[in-house]
2 protein chains.
Amino acid sequence: MVQSKTELFEEELKTQAAWFKVLAHPARLKILQYLSEANSCITGDLSEELPLGRTTVNQHIKELKEAGLIQGHIEGVRTKYCLNPEKIAEVKAVIEEFLSALNAGDYECK
Amino acid sequence: MVQSKTELFEEELKTQAAWFKVLAHPARLKILQYLSEANSCITGDLSEELPLGRTTVNQHIKELKEAGLIQGHIEGVRTKYCLNPEKIAEVKAVIEEFLSALNAGDYECK
DNA sequence: GTTTTTTGACGTATATTTGCGTCAAAACAA
DNA sequence: TTGTTTTGACGCAAATATACGTCAAAAAAC
C-alpha cells in the first residue's frame with residue numbers, strides 16, 4: 001500500500017521533481033562541477049576526486065548518464081566523460097522555469 | 001557500514017544538494033506552486049489539491065516548514081500557510097549560483 | 001598467448017523516504 | 001459539559017537510495 005504515487009501528478013511537476021532529484025546528492029553535484037571546471041573531457045578515475053569508493057562513484061556517474069547530463073566515450077581501456085551541453089541547457093531551463101514561477105513577494109503574511 | 005557520507009563533502013555542495021533534495025518531490029513542488037499561485041496565505045486542507053492522503057501531505061508540509069520555505073500561522077482551529085519570501089529568495093540564489101557555474105558550452109566532446 | 005588496468009554489471013546491507021493509519025490536543029459550537 | 005473539526009505527533013510497512021564488495025569483460029602491455 002505504499003506504492004509510489006508520483007505518477008499521479010502532472011507531467012510537468014514530475015519532470016521538474018525528477019531533475020531536482022538528479023541534483024539532490026553532493027557527489028553528483030561534485031562530478032558535474034568537476035567536469036565543468038575541467039572544461040574538457042576527462043579520462044580516468046573520478047573517484048579520486050571525491051570521498052567515496054570507486055563503485056559508488058560509478059553508480060552516481062551512471063545516474064547522471066541515465067539522466068543524460070553526461071556522456072561517456074570509450075577510448076581504449078579508458079572512458080572519457082563529458083558534460084552533455086544540450087541536457088545541461090535543458091535542466092537549466094526546466095529549473096529556471098519553476099523558480100521564476102515561484103512568487104512570494106506580493107502579499108502580507110501575518 | 002553504509003553510513004551516510006554526505007558530511008564528507010564541502011559545505012557548499014552539501015547546502016546545494018540539500019536544497020535540491022527539498023524540491024525533489026512533486027508533492028512539495030505542487031504545494032509551493034499552489035501557495036504561490038494563490039498569492040496569499042491559505043487556510044484549510046491542502047490535501048484536497050493533491051492526490052495524496054492528508055497525513056502524507058502534512059508530512060510534506062512539515063518538510064517544507066523545516067526547510068523554512070513555508071510558514072504556518074495558527075488561526076484558531078485552522079492554520080494559515082504562507083510562503084516565506086526570504087527563504088524562497090535564498091533557495092533561488094543558491095540554485096542559480098550552482099547552475100550558472102555549470103558550463104558545458106566551450107569544448108568539443110568527441 | 002598471459003597479465004595488467006580499467007570499467008561496468010550484479011548483488012547485498014543499511015539508511016532514508018514515502019505514504020498512511022491512528023491517536024491526542026486545541027479551538028470552537030452546542 | 002459534550003461533541004465536532006482541524007491539525008500535529010507518532011509509528012509502521014513498503015519503496016527507494018546509498019555505499020560498497022566482488023566478479024567479468026575489454027583493451028592494452030608484456
Side-chain angles (χ1 to χ4, degrees), chain A residues 1-9 13-14 17-32 34-35 41-67 69-82, chain B residues 1-9 13-14 17-32 34-35 41-67 69-82:
Chain A
M1 230 163 268
V2 189
Q3 309 162 40
S4 176
K5 299 218 166 172
T6 60
E7 75 276 358
L8 298 176
F9 290 89
L13 282 178
K14 286 194 287 178
W19 277 125
F20 282 120
K21 200 171 195 172
V22 172
L23 300 175
H25 194 287
R28 293 193 287 274
L29 296 185
K30 178 84 176 180
I31 293 168
L32 292 175
Y34 184 73
L35 288 175
C41 298
I42 291 294
T43 344
D45 197 356
L46 258 322
S47 77
E48 284 164 14
E49 304 296 325
L50 12 181
L52 296 171
R54 189 191 56 85
T55 336
T56 308
V57 172
N58 266 1
Q59 191 73 22
H60 288 299
I61 288 177
K62 193 182 166 194
E63 277 180 73
L64 290 169
K65 261 194 205 167
E66 280 168 0
L69 290 179
I70 65 178
Q71 306 168 300
H73 302 274
I74 295 169
E75 187 112 332
V77 200
R78 283 140 171 281
T79 303
K80 257 190 164 176
Y81 296 109
C82 317
Chain B
M1 228 163 276
V2 189
Q3 310 162 40
S4 174
K5 299 217 165 172
T6 61
E7 76 274 359
L8 298 177
F9 290 89
L13 281 177
K14 287 194 287 178
W19 276 125
F20 281 120
K21 199 171 194 173
V22 172
L23 300 175
H25 195 288
R28 294 194 286 274
L29 296 185
K30 179 85 177 178
I31 293 168
L32 292 175
Y34 184 73
L35 288 174
C41 298
I42 291 294
T43 343
D45 197 356
L46 257 324
S47 77
E48 283 164 16
E49 303 296 327
L50 12 182
L52 296 171
R54 190 191 55 84
T55 335
T56 307
V57 172
N58 266 2
Q59 190 73 21
H60 288 299
I61 288 177
K62 194 181 166 195
E63 278 180 72
L64 289 169
K65 261 193 204 166
E66 281 168 357
L69 289 179
I70 65 177
Q71 307 169 299
H73 301 274
I74 295 169
E75 187 113 332
V77 199
R78 284 142 171 280
T79 302
K80 258 190 165 176
Y81 298 109
C82 316

### Query
From the list D:dC20, C:dG19, D:dT18, which nucleotide is the closest neighbour of the side chain of A:Thr6?
C:dG19

### Query
Does A:Lys62 place a side-chain N or O at less than 4.0 Å from the phosphate oxygens OP1/OP2 of C:dT7?
no

### Query
Whole Å only: how far is the CD atom of B:Glu48 from the C1' atom of D:dT5?
13 Å

### Test item: B:Trp19 and A:Leu23 side chains (from C-beta on) under 4.5 Å apart, heavy atoms
no

Return all side-chain donor-acceptor pairs below 3.5 angstrom for residues 52-66 of chain A, not counting sequence neighbours, or 'none' if the list is empty.
{"from": "A:His60", "atom 1": "ND1", "to": "A:Arg28", "atom 2": "NH1", "distance (Å)": "3.0"}
{"from": "A:Glu63", "atom 1": "OE1", "to": "A:Arg28", "atom 2": "NH1", "distance (Å)": "3.4"}
{"from": "A:Glu63", "atom 1": "OE2", "to": "A:Arg28", "atom 2": "NH1", "distance (Å)": "3.4"}

### Message
To the nearest 0.5 Å, what is the distance between CG on A:Leu46 and OH on A:Tyr34?
### Response
7.0 Å

### Query
Could you write nucleotides 22-28 of chain D as a row of B, S and -, 5' to 3', where a protein heavy atom under 4.0 Å of any base atom gives B, of only sugar-phosphate atoms gives S, and otherwise -?
B----SS

### Query
What is the distance, rounded to the nearest whole Å, between atom CD of A:Glu66 and atom C1' of D:dA17?
13 Å

### Query
Taking atom NE2 of A:His25 and atom CG of B:Leu13, what is their separation to the nearest 0.5 Å?
11.0 Å

### Query
In whole angstrom, what separates A:Leu50's CG from D:dT18's C1'?
13 Å

### Summary
dist A:Leu29:CG -> B:Phe20:CZ (nearest 0.5 Å) comes out at 6.0 Å

### Query
How close or far is atom P of C:dT17 from atom CG of B:Leu23, stated in whole angstroms?
14 Å

## Note on the structure
Closest heavy-atom pair, A:Arg78 versus A:Thr43, reported as atoms and distance to 0.1 Å, is CB-CG2, 3.4 Å

### Query
Of all the choices, D:dC20, D:dA9, D:dG8, which nucleotide is nearest to the side chain of B:Thr79 once you look at every atom?
D:dG8

### Task
Please tell me which of the listed nucleotides, C:dT18, D:dC20, D:dT18, lies nearest to the side chain of A:Thr56?
D:dC20

### Message
How many whole angstroms separate atom CZ of A:Phe20 from atom P of C:dT17?
### Response
17 Å

#### Entry: 5′-ward residue of the pair A:His25/B:Ile61 relative to DNA chain D
B:Ile61

### Query
When the distance from CG of B:Leu64 to P of D:dG8 is rounded to whole Å, what number comes out?
12 Å

## Note on the structure
Per nearest nucleotide of DNA chain D, the residue lying toward the 5' end, B:Asn58 or A:His60, is B:Asn58

### Query
If you pin A:Lys21 and A:Gln59 to their nearest nucleotides in DNA chain C, which one's is more 5'?
A:Gln59

### Task
In whole angstrom, give the distance that lies between atom CD of A:Glu63 and atom P of D:dA17.
7 Å

### Task
Check every atom of C:dT7, D:dT6, C:dG19 against the side chain of B:Arg78 and return the nucleotide holding the closest atom.
D:dT6

### Message
OP1 or OP2 of C:dT6 versus the side-chain N and O atoms of A:Tyr81: is any pair under 4.0 Å?
### Response
no

### Query
What pair of heavy atoms forms the shortest contact from A:Leu35 to A:Cys82, and how long is it?
CD1-C, 4.3 Å

### Task
May I have the distance from B:Lys80 (atom NZ) to C:dA26 (atom P), rounded to whole angstrom?
22 Å

